[in-house]
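For ligands, and for the atoms within them, numbers begin at 1 and follow the listed sequence. Residues: numbered from 1 along the sequence shown.
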Amino acid sequence: MNIYNRTIKIEIPTRARQVLDSIRGAGFEAFVVGGCVRDSVMGKVPHDWDITTNALPEDIIAIFTRTIPTGIQHGTVTVIIDNEAFEVTTYRLDGDYLDMRRPRTVSYSQKLEDDLSRRDFTINAMAYNDQLGLVDRFGGLEDIENKLVRCVGEPDKRFNEDALRILRALRFSAKLSFDIEGATMESIRRNSANIEKVSMERINTEFEGIIKANTNKLSLINDLDIRAYLFGDFVFNQADLTRAMKLEDIASDEGYLQASKRAMVFNHYRGDLKGLLRFFKYSKKDIDKTIFIWTTLRDDKYADLLNENATWDDLRLTLKLVLRDARDNILAKYAIYAKIIEKYANIGLIFNLFNDIIETGECFSVSHLQISGRDIIDEGLAMGKEVGILLDALLCQVISQPQLNEKKRLLEMARKIQKQ
Ligand code: ATP
Ligand code: MG
């Protein structure tokens with residue numbers, strides 16, 4: 001196979017080219033490599049430009065004025081040019097994988113081919129520079145043409161070295177809309193129980209990548225041993241996965257959108273989802289968002305959002321209830337969207353109603369009440385924890401009858417409640 005392809009031209013941005021030129025000027029080889037080459041060949045704009053070189057980390061540190069030893073133990077130095085960061089990694093030959101997590105030894109190499117051969121998939125194992133053109137040792141270009149995710153080398157060996165590559169295969173397949181090549185897929189089936197040896201943080205990153213790119217690809221996990229380890233008895237529900245895809249239409253806030261999709265793919269999860277998300281090492285913020293949306297999806301309290309006979313007033317009331325529970329307008333908005341995704345063809349109507357409630361200053365939170373905790377205490381109506389409970393009881397009434405939101409009336413109501 002001719003591994004050099006000079007007919008392909010990649011337009012390397014100025015600063016990345018500057019990094020390549022400086023390394024070359026110091027007498028070393030340097031190429032852009034991995035995701036940026038794959039994306040360029042596919043006509044996409046890469047989000048970052050990784051560089052591979054035979055120069056050692058200390059050489060890189062000596063060549064450039066601004067460097068950060070971000071991953072020095074893996075041979076990676078970050079080079080900063082005009083505030084843009086480039087990861088420069090020395091050609092590596094990974095040693096034995098003892099624990100299937102990370103290579104026992106990382107040894108540097110002088111050969112680009114060594115570095116390409118340690119990479120996961122053929123589409124990710126191409127390098128490029130202006131002098132040699134595209135270096136494609138494993139047929140990555142052909143696999144891109146055929147839309148295939150294929151292991152570099154022997155799949156069983158590669159998935160045994162690092163079982164995270166199984167989820168990475170699904171992630172690239174989701175992101176690029178590629179199939180997983182036959183032998184690679186068979187090997188995934190054989191080796192997927194090995195995922196137990198991979199850290200949850202790494203799993204989380206790839207899992208989120210799949211959710212972000214194409215939730216439908218999660219159905220592949222249903223047939224793999226990975227499923228039992230990660231999710232127990234749970235199997236992804238195809239209808240939920242498709243719904244999660246539809247949520248893409250509201251892509252205004254990445255974090256909330258991702259939480260909505262996450263909640264939706266677990267819509268039929270019957271266990272302790274919070275516990276599962278903790279096991280997956282999600283942040284508390286992400287867990288809270290996901291759980292709120294997930295709870296909204298299944299909560300009867302908001303049934304009017306799905307009720308054929310609900311009037312605008314009913315819907316208005318329900319939306320205020322969601323707003324009250326969410327304590328965050330954006331979260332409420334995403335939760336509602338997830339809940340009603342299939343019911344309202346014209347989602348805009350619901351959002352107009354939603355925005356109207358917020359803009360007209362209708363009361364849906366204790367802070368909107370015309371009475372404060374201070375007032376309750378001063379009137380001797382309650383103390384300590386009771387204050388909050390009482391305010392909440394008042395809020396419930398005001399949500400359904402906005403005209404009650406007036407200080408005198410509220411105090412009267414509070415007295416009545418406390419007498420009961
Ligand atoms: P993305 O655009 O999604 O970031 P990427 O190809 O840059 O895609 P990264 O996860 O950033 O993916 O990894 C960068 C490169 O490092 C990959 O293209 C691949 O060559 C290599 N790589 C990353 N993880 C592994 C792994 N677990 N095993 C082998 N090679 C890997
Ligand atoms: Mg990357």
Problem set entry | Location of contacts on Lys175 toward ligand 1, heavy atoms closer than 4.0 Å | side chain
Please list, in number order, the atoms of ligand 1 under 4.0 Å from a heavy atom of [X].
X	answer
Arg118	29 (C), 30 (N)
Gly34	18 (O)
Gly35	5 (P), 6 (O), 7 (O), 18 (O)

Close N or O approach ([X], ligand 1; < 3.5 Å):
X	result
Asp120	yes
Asn124	yes
Arg165	yes

Report yes if the side chains of [X] and [Y] come closer than 4.5 Å at any heavy-atom pair, otherwise no.
X	Y	value
Lys320	Pro402	yes
Ser365	Leu323	no
Asn237	Asn267	no
Leu167	Ile221	yes

Seminar exercise, completed: So CZ of Phe279 and CG of Leu230: to nearest 0.5 Å the spacing works out to 6.0 Å
Exercise. Atom OG1 in Thr290, atom NZ in Lys274: separation rounded to 0.5 Å?
Worked result: 11.0 Å
Problem set entry | Axial cation check for Tyr91 ring with Lys111, 6.0 Å and 45° limits | no
Exercise. Are Arg298 and Trp294 in a cation-pi contact, defined as NZ or CZ under 6.0 Å from the six-membered ring centre and within 45° of the axis?
Worked result: yes
Say whether [X] and ligand 1 are in contact under the criterion: heavy-atom distance to a ligand atom below 4.0 Å.
X	answer
Arg202	yes
Asp162	yes
Arg38	yes
Phe172	yes

Problem set entry | Heavy-atom neighbours of Glu201 CD exceed 12 at 6.0 Å | yes
Exercise. Counting heavy atoms only, which of His47, Arg171, Arg119 is nearest atom 4 (O) of ligand 1?
Worked result: His47
Problem set entry | Arg158, Lys44, Arg168, Glu87: member with heavy atom nearest to atom 10 (O) of ligand 1 | Arg168
